[in-house]
Amino acid sequence: MPAPVPARIRVKLLASGALTVGAVLAGAPAVTVVALAATCAAIPLAAAAHGGTALLRAVLVPGTQHARTDNTSGRPTHGSDDPADAAAADAR
């Protein structure tokens with residue numbers, strides 16, 4: 001499965017939030033508002049379930065989208081893809 005892109009998830013979250021607010025302001029039926037709000041709440045939960053706290057942080061805090069995560073620990077890693085660099089970071 002390809003790695004999710006935080007910016008795309010953020011756009012979906014903002015669009016869902018805007019639709020929810022628009023539905024409230026337009027006087028949409030309560031079922032519609034609840035469904036949109038549930039969708040808006042489910043997006044960050046799905047991001048956290050898929051990528052852990054690093055992906056959730058990258059989605060909710062703009063500017064952290066460059067932080068990559070290694071799939072074994074879920075911690076953000078910064079630097080090159082060189083295995084020696086990863087081993088040095090794990091040793092710290």
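The shown structure was predicted, so the numbers you read here are calculated from the model rather than taken from an experiment. Note: hydrogens, waters and symmetry copies are ignored here, and every other heavy atom, side chains too, is used.
Considering CD1 of Ile43 and CG of Leu60, their distance stands at 11.0 Å, rounded to 0.5 Å.
Nearest heavy atoms, Val59 versus Ala47: CG2-CB, 4.4 Å. Of all non-hydrogen atoms in Pro4 and Ile9, the two that sit nearest each other are CB-CD1, 3.7 Å.
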Which atom pairs, one a donor and one an acceptor, fall under 3.5 Å between side chains of residues 12-24 and the rest of the protein, sequence neighbours left out?
residue, atom, partner, partner atom, Å
Ser16, OG, Cys40, N, 3.3
Thr20, OG1, Ser16, O, 2.8
Thr20, OG1, Leu36, O, 3.3

